[in-house]
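Worksheet for the structure shown next.
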Amino acid sequence: MASKNYKIAVIGGDGTGPEVVAEGLKVLKAASKKFGFDYKEEMFDYGGERYLETGKTITDQELEGLKKFDAIFLGAIGHPGVKPGILEQGILLKTRFALDQYINLRPVKLYNSAFCPLKDKGPDDIDFVVVRENSEGIYKGMGEFQNKGKPDEVAIQISYNTRKGVERCIRYAFEFTRKRNKRKKLTLCGKTNVLTYAWDLWQRVFDEVKKEYPDVTTDYAHVDATTMWFVKNPEWFDVIVTDNIFGDIITDLGAMIQGGMGIAAGGNINPEGVSMFEPIGGSAPKYTGKHVINPLAAICAAGMLLDNIGEEKAAKAVESAVIKIASTRMKSLAAGKMGYSTEEVGDLVVENL
Ligand code: IPM
Ligand code: MN
């Protein structure tokens with residue numbers, strides 16, 4: 001068997017990012033031995049520390065450099081010493097945009113009912129995926145102040161939705177639903193009753209594209225109702241497609257019903273280019289260096305990365321190992337309450353691979 005040699009860019013980032021990334025890399029290494037593929041990892045120091053020292057977030061040249069990799073593995077961006085927004089926009093969003101990672105894929109899967117805050121819900125009830133548009137919407141950063149600082153000040157923040165951007169996202173979601181082959185149900189999550197420009201476009205494109213997927217059942221839910229169903233009837237969902245800001249909001253709720261930030265992973269996907277995988281929990285500065293942060297979210301992100309580069313078997317094995325650890329060994333998925341250190345959890349996954 002010809003073994004492949006992938007190039008993986010690693011950005012540990014801030015806070016607990018480097019610690020959880022180290023465990024993800026441990027699992028990647030074990031998976032490569034077991035499944036017979038090679039890879040080279042290259043570490044990058046983009047993040048809050050470097051920004052404080054040099055004033056640099058991530059440069060255009062550095063972004064060009066990232067395009068040469070097969071995938072990017074990211075820990076977390078966010079530093080208590082840097083004003084909110086600078087690193088998020090200057091590194092995370094800039095990378096998503098520059099690499100045209102137009103899908104943010106967030107699986108919401110409960111591995112152990114003991115970790116679910118919802119009464120009477122188990123792993124069969126909570127197993128869906130949110131396909132979040134990742135390149136447009138409010139995140140585009142369009143808008144202006146009028147009369148800034150005056151009593152009659154106006155702040156305008158625009159939701160920017162292109163036909164092309166909406167269509168490629170919706171098309172990806174239909175393809176993904178078909179390929180996932182579970183309940184083959186795709187729910188459009190929006191706000192057609194109030195946001196009558198943006199969501200008119202989304203609804204029209206959705207109705208048009210769905211004609212090409214007669215095997216996929218479709219549904220619509222307003223975003224506010226979606227948050228209600230996440231709590232009341234999460235079993236109704238299979239795949240959800242939504243815009244950038246709604247996807248941001250509902251996936252934090254999704255993370256909570258799947259057991260918390262300790263287990264929630266996501267992928268910033270460019271289906272034709274380089275994708276970036278991350279635990280979605282942030283840099284959790286108060287736990288830095290304490291060896292208590294849960295690395296499973298980062299390990300799940302590494303699993304998604306494997307699936308993305310074409311190592312599906314290895315990806316499945318990583319997920320199975322995580323399921324096993326989460327359902328038989330961990331006392332909790334929360335930092336400091338796992339019954340194990342960060343490193344021990346990484347080791348347990350490797351042993352169960
Ligand atoms: C996420 C995060 C980011 C977002 C922040 C850090 C800019 O919350 O990945 O969901 O809003 O997209
Ligand atoms: Mn978020």
Side-chain angles (χ1 to χ4, degrees), residues 11-18 20-21 24 46-49 51 57-58 63 66 71-108 128-143 157-161 165 169 189 223 226-227 230 240-270 274-286 288 293 297-298 300-302 304-305 308:
I11 306 170
D14 301 317
T16 51
V20 295
V21 154
Y46 312 141
E49 291 300 330
Y51 174 75
T57 49
I58 187 165
L63 286 164
L66 286 177
I72 304 166
F73 186 32
L74 170 68
I77 297 293
H79 193 292
V82 182
K83 193 176 148 219
I86 293 180
L87 301 171
E88 291 85 343
Q89 294 195 349
I91 301 178
L92 187 61
L93 299 184
K94 195 169 169 189
T95 306
R96 287 176 181 171
F97 291 158
L99 272 57
D100 204 17
Q101 295 163 338
Y102 62 85
I103 299 295
N104 195 317
L105 197 65
R106 298 199 166 170
V108 177
F128 60 87
V129 179
V130 177
V131 175
R132 162 184 171 190
E133 203 291 322
N134 210 32
S135 65
E136 302 191 335
I138 300 187
Y139 279 71
K140 192 86 179 168
M142 289 174 78
Q157 191 95 43
I158 290 171
S159 175
Y160 179 90
N161 300 266
C169 177
C189 163
V223 62
T226 301
T227 63
F230 272 18
I240 297 168
V241 63
T242 190
D243 77 355
N244 212 338
I245 187 67
F246 292 167
D248 178 48
I249 296 166
I250 66 173
T251 54
D252 267 24
L253 179 56
M256 286 304 121
I257 64 171
Q258 73 180 122
M261 287 301 180
I263 192 91
N268 302 276
I269 315 264
N270 176 343
V274 185
S275 301
M276 175 167 74
F277 299 85
E278 53 175 337
I280 74 170
S283 60
K286 69 176 174 184
T288 308
I293 193 83
C300 289
M304 291 179 77
L305 182 155
N308 180 264

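Start at 1 and go down the list; that is how both ligands and their atoms are numbered.
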Report task. Provide the closest heavy-atom pair for A71 versus F277 in the form atom of the first, atom of the second, distance. Result ->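 So the two residues come closest at CB-CE1, 4.5 Å.
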Report task. Could you pull out the closest heavy-atom pair between A255 and I280, with the gap in Å? Result ->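 So the two residues come closest at CB-CD1, 4.2 Å.
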Taking [X] for the side chain and [Y] for the main chain, is one N or O donor matched with an acceptor at less than 3.5 Å?
| X | Y | result |
| --- | --- | --- |
| S275 | N270 | yes |
| N104 | N134 | no |
| D243 | G137 | no |

**Report entry** Contact atoms of ligand 1, heavy-atom distance to Y139 under 4.0 Å
**Finding:**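 The list of qualifying atoms is 4 (C), 11 (O), 12 (O).
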Requested in this report: To the nearest 0.5 angstrom, please state how far the CG atom of N268 sits from the CZ atom of R132.
Outcome: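 Those atoms lie 8.0 Å apart.
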**Report entry** L92 vs L74, side-chain contact (heavy atoms from CB on, under 4.5 Å): CA-CA, chis, key distance, verdict
**Finding:** CA-CA 9 Å; L92 187 61; L74 170 68; 3.6 Å; yes
Query raised in the report: Short N/O distance, under 3.5 Å, between R132 and ligand 1?
Result: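 Yes, there is a polar N/O contact under 3.5 Å.
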Query raised in the report: Do ligand 1 and E278 have nitrogen or oxygen atoms that lie under 3.5 Å from each other?
Result: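 No, there is no polar N/O contact under 3.5 Å.
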Identity and distance of the protein heavy atom lying nearest [atom]:
| atom | value |
| --- | --- |
| atom 10 (O) of ligand 1 | D248 OD1, 2.9 Å |
| atom 5 (C) of ligand 1 | L92 CD2, 4.2 Å |
| atom 7 (C) of ligand 1 | E88 CB, 3.8 Å |
| atom 1 (C) of ligand 1 | R106 NH2, 3.3 Å |

**Report entry** ligand 1 contact by Q89, heavy-atom criterion under 4.0 angstrom
**Finding:**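 False for this residue.
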**Report entry** Contacts of type side chain to side chain contact (heavy atoms under 4.5 Å, CB included), residue T226, not counting sequence neighbours
**Finding:**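 Partners of T226 under the side chain to side chain contact (heavy atoms under 4.5 Å, CB included) test: C189, A221, F230, F237, I250.
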Requested in this report: Can you list, by chain and residue number, the protein N, O or S atoms under 2.8 Å from the Mn ion (ligand 2)?
Outcome: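 Only D248 OD1 fall inside 2.8 Å of the Mn ion (ligand 2).
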**Report entry** Full working for side-chain contact (heavy atoms from CB on, under 4.5 Å) between L66 and I72
**Finding:** CA-CA 8 Å; L66 286 177; I72 304 166; 4.1 Å; yes
Requested in this report: Go through F128 and I257 one step at a time and tell me if the side-chain contact (heavy atoms from CB on, under 4.5 Å) criterion holds.
Outcome: CA-CA 11 Å; F128 60 87; I257 64 171; 4.1 Å; yes
